[in-house]
Structure formats: structure tokens, C-alpha cells
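Since the structure comes first, as C-alpha cells, the remarks are kept for the end.
Numbering of residues begins at 1 and proceeds along the displayed sequence.
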Amino acid sequence: MTTARLPLFPLNSVLFPGLVLPLNVFEERYRAMMRELLKTDDSEPRLFAVVAIRDGREVASTAPGMPDPTAPPERGAAAGFGDDPMRVFHPVGCIADAATIREREDGTFEVLATGTTRVRLISVDASGPFLTAEVEELPEETGEGAGALAEGVLRAFRAYQKRLAGARERTLSTGAELPDEPSVVSYLVAAASVLDIPAKQRLLEAPDTAARLREELKLLRSETAMIRHLPSVPLVDLTQTPTNPN
């Protein structure tokens, strides 16, 4: 297994390989991370690891915009994550490649990154200005029957999209926009489906592409059946990827 030490960006969301991640960076610990990444030459990838938070806060309680300005200050790289950050993060995350890091006049950053490779957390270091982690790369095995499963998942996903869009007769995606490579299908569907973080995390952690597709097929069929019996489905921002605040 290939291991590396990378800056660590915990989020209240799951990042999948191939998916775009917009970030609005305003906390000092994450600003420091971006300043460090900017030291990397433009010809080299600017990599950091993203993990979903199991228990804790993405934003420290004293960050700008929080509702309680009188809260005791939480300082340091692990603010909001307790004494042992490893315990509050899901064990599998994704490496992100920051294609764009733009510093605003007020010192905050606008970042656009793309998920690349799944990784497992080995250790987390909170001794610096921002969290870093030792991670090991997880290979993407295809698994048995991935091709046929991908076709079934695409059919189920189209039916799921039609149910989601039915209230306003919107089309969320066309068949021409969907890929056919099994691993790409598995990650796209995982990211585009309206699922909670634990469900998305299970998909990220699937042992191989075929296992992920099998789980998606069950979820899509279940979700589509449930939507069919609802009088209406709120569609606000279902097809948009929000900018994650840190």
C-alpha cells in the first residue's frame, strides 16, 4: 500500500473520486493549510485528504458567522474534534487535488478541488497549525459482475431521477451525460443520490466496485419506491453541489 502524509480537511460530507469539491475557506487553521498548499509549485498537484466527520463540528464554535459569539474560544488544529480526532472521523476518505486556490482580499480562500483516490486514515497529527494525517491508498478492485451491475444501476438511477424530478417535470440528467465505466458509475451515483452521510460513507468504503454497485441498486430501488408514495418531494438544490464552508 502507498502511504503519504497530507493536510487533512474534515467535512460534514463525503467526497468521492472524480467528484468536484468547492470550498469556502475562512477559518484560520484551514487558511494556513491553503497557504501551505500554495507553496507547492504550479506544476505539481496540491493534495489534501478529505474525511467525513462522524462526531464533531466542521466549524469551530468561535468561527465567523456562528450564532454564539460569546462561546469560549476553541483553538488549535483539532478545535471541535476533541482530544482524539481519529475517533470522530470516518476511517476512509478521499484525496483531493486543488486545481484552484484563490485568496480573497479579506484573507479567505475560494477553492475548487477534485476527488482522486480513496484513502484510509492511519494517524492524525494535531500539533501544527492545521491537521495532518498519515494515509494509505486503497486500490479500486472491480469485483465480479461489475459491468452488468453498472447497467442495472444506471437504469435504476434514471428511474430514481424521474421520481425526484416528477413534481416539477424536470430532468436532472440525460442518458447521454451518464458514463458507462463501472467504477465511475458507482461514484457518480453515490454522489448524486440524496442519501445521508452514513449511507454515502458505506458506499465509499465498499470493498470493490461491484459491491458498491450492488448496494446502490438496493438503495435506489428502496428510495424510488418510497418517493413513489410521497405526495411531493422538495427539489431545492438537489442537483447543485453546495460550497462547503470549513
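Side chain of Arg212 to main chain of Leu203: a donor-acceptor pair is present (N/O by atom type, distance under 3.5 Å, no hydrogens or angles). A side-chain donor-acceptor contact under 3.5 Å links Ser193 to the backbone of Val189.
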What donor-acceptor contacts under 3.5 angstrom involve side-chain atoms of residues 112-121, with partners at least two apart or in another chain?
residue: Thr116; atom: OG1; partner: Ile95; partner atom: O; Å: 3.2
residue: Arg118; atom: NE; partner: Glu140; partner atom: OE1; Å: 3.4
residue: Arg118; atom: NE; partner: Tyr187; partner atom: OH; Å: 3.4
residue: Arg118; atom: NH1; partner: Leu204; partner atom: O; Å: 2.8
residue: Arg118; atom: NH1; partner: Ala206; partner atom: O; Å: 3.0
residue: Arg118; atom: NH2; partner: Pro139; partner atom: O; Å: 3.2

I'd like a table of donor-acceptor pairs (distance under 3.5 Å, sequence neighbours excluded) in which one partner is a side-chain atom from residues 144-157, with atom names and distances.
none

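Residues satisfying the side chain to side chain contact (heavy atoms under 4.5 Å, CB included) criterion with Asp83, sequence neighbours excluded, are absent altogether. Shown here are the side chain to side chain donor-acceptor pair (under 3.5 Å) partners of Asp84, two or more places apart in sequence or in another chain: there are none. Shown here are the side chain to side chain contact (heavy atoms under 4.5 Å, CB included) partners of Arg221, two or more places apart in sequence or in another chain: Leu217. Every residue meeting the side chain to side chain donor-acceptor pair (under 3.5 Å) condition with Glu205, not counting sequence neighbours, appears here in chain and number order: Gln201. For Ala159, the side chain to side chain contact (heavy atoms under 4.5 Å, CB included) test picks out no residue, with sequence neighbours left out. Ser222 meets the side chain to side chain contact (heavy atoms under 4.5 Å, CB included) test with no other residue; sequence neighbours excluded. Ser183 meets the side chain to side chain donor-acceptor pair (under 3.5 Å) test with Glu181; sequence neighbours excluded.
Minimum interatomic distance between Ile101 and Phe109 (heavy atoms only, all atoms of both residues): CG2-CD2, 3.6 Å. For the residue pair Arg31 and Phe26, the shortest heavy atom distance occurs at NE-O, 2.9 Å. Scanning all heavy atoms of the two residues, the minimum distance from Tyr160 to Val194 falls at OH-N, 2.8 Å. Between Gly93 and Val51 the shortest heavy-atom distance is CA-CG1, 4.0 Å. Smallest separation of non-hydrogen atoms from Met33 and Pro7: CG-CB, 3.6 Å. Here the closest heavy-atom approach between residue Val135 and residue Ala49 is recorded as CG1-CB, 4.4 Å.
Residue Val124 is not grouped with residue Ile122 when hydrophobic side chains (ILVMFWY) are merged at heavy-atom distances under 4.5 angstrom, including chains of intermediate members. Residues Phe81 and Met86 are members of one and the same hydrophobic cluster, defined by side-chain heavy-atom contacts under 4.5 angstrom among Ile, Leu, Val, Met, Phe, Trp and Tyr. Residues Val20 and Val184 are members of separate hydrophobic clusters, defined by side-chain heavy-atom contacts under 4.5 angstrom among Ile, Leu, Val, Met, Phe, Trp and Tyr.
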Could you walk me through whether Arg202 and Glu216 pass the salt bridge (Lys or Arg N to Asp or Glu O under 4.0 Å) check? CA-CA 10 Å; Arg202 288 195 299 273; Glu216 286 170 349; over 6 Å; no
Under the criterion ring pair (Phe, Tyr, Trp, His ring centres under 6.0 Å), I'd like the reasoning laid out for Tyr30 against Phe130: C-alpha separation, chi angles, the key distance, then a yes or no. CA-CA 7 Å; Tyr30 301 116; Phe130 51 84; 8.7 Å; no
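Under the 4.5 Å side-chain criterion, counting only non-hydrogen atoms from C-beta, His90 is not in contact with Pro198. Between Val111 and Pro22, every side-chain heavy-atom pair lies at or beyond the 4.5 Å cut-off. Looking only at side-chain heavy atoms (C-beta outward), Leu11 and Leu21 come within less than 4.5 Å of each other.
Between the OG1 atom in Thr224 and the CD atom in Gln161 there is a gap of 10.0 Å [rounded to 0.5 Å]. Taken from CG in Leu8 to CZ in Phe48, the straight-line distance is 10.0 Å, to the nearest 0.5 Å. Rounded to the nearest 0.5 angstrom, Leu219 CG and Lys200 NZ are separated by 10.5 Å. Between Thr132 atom OG1 and Leu6 atom CG the span is 9.0 Å, to the nearest 0.5 Å. Atom CZ in Phe9 sits 10.5 Å away from atom CG in Leu131 (nearest 0.5 Å). Considering CG of Asn24 and CD of Glu110, their distance stands at 8.0 Å, rounded to 0.5 Å.
Each salt bridge (Lys or Arg N to Asp or Glu O under 4.0 Å) pair with one or both residues in residues 36-50, not counting sequence neighbours, appears once here: Glu36-Lys39, Asp42-Arg46.
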